[in-house]
Amino acid sequence: MKGIKIELLGIAIIPLGIAVTTNNFGGYVLGVLGFGVAVVGCFLKDNH
């Protein structure tokens, strides 16, 4: 399961990069917020 989490974290970096390249404050905020959710999700324990 750890490999899947790392893969999803890598995929989350792509929209973050797109959001940062736009000159839009809302894009920055939502990009960082989405990346933060992905990082927190990687460190939470699974119920399995």
Side-chain angles (χ1 to χ4, degrees):
M1 191 70 175
K2 188 169 189 161
I4 294 172
K5 287 183 177 182
I6 292 173
E7 182 179 349
L8 290 175
L9 185 63
I11 292 170
I13 292 174
I14 295 168
L16 178 65
I18 293 170
V20 168
T21 58
T22 62
N23 292 324
N24 184 359
F25 181 72
Y28 291 142
V29 172
L30 292 176
V32 171
L33 183 65
F35 186 72
V37 168
V39 169
V40 168
C42 283
F43 290 113
L44 289 177
K45 287 193 171 190
D46 292 330
N47 291 334
H48 303 298

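Checked against side chain to side chain contact (heavy atoms under 4.5 Å, CB included), Leu9 has the following partners two or more places apart in sequence or in another chain: Phe35, Ala38, Val39, Cys42.
For the atom pair Asn24 CG and Leu30 CG, the distance stands at 8.5 Å (nearest 0.5 Å). Of the inter-residue distances, the one linking Thr21 atom OG1 with Tyr28 atom OH reads 8.0 Å to the nearest 0.5 angstrom.
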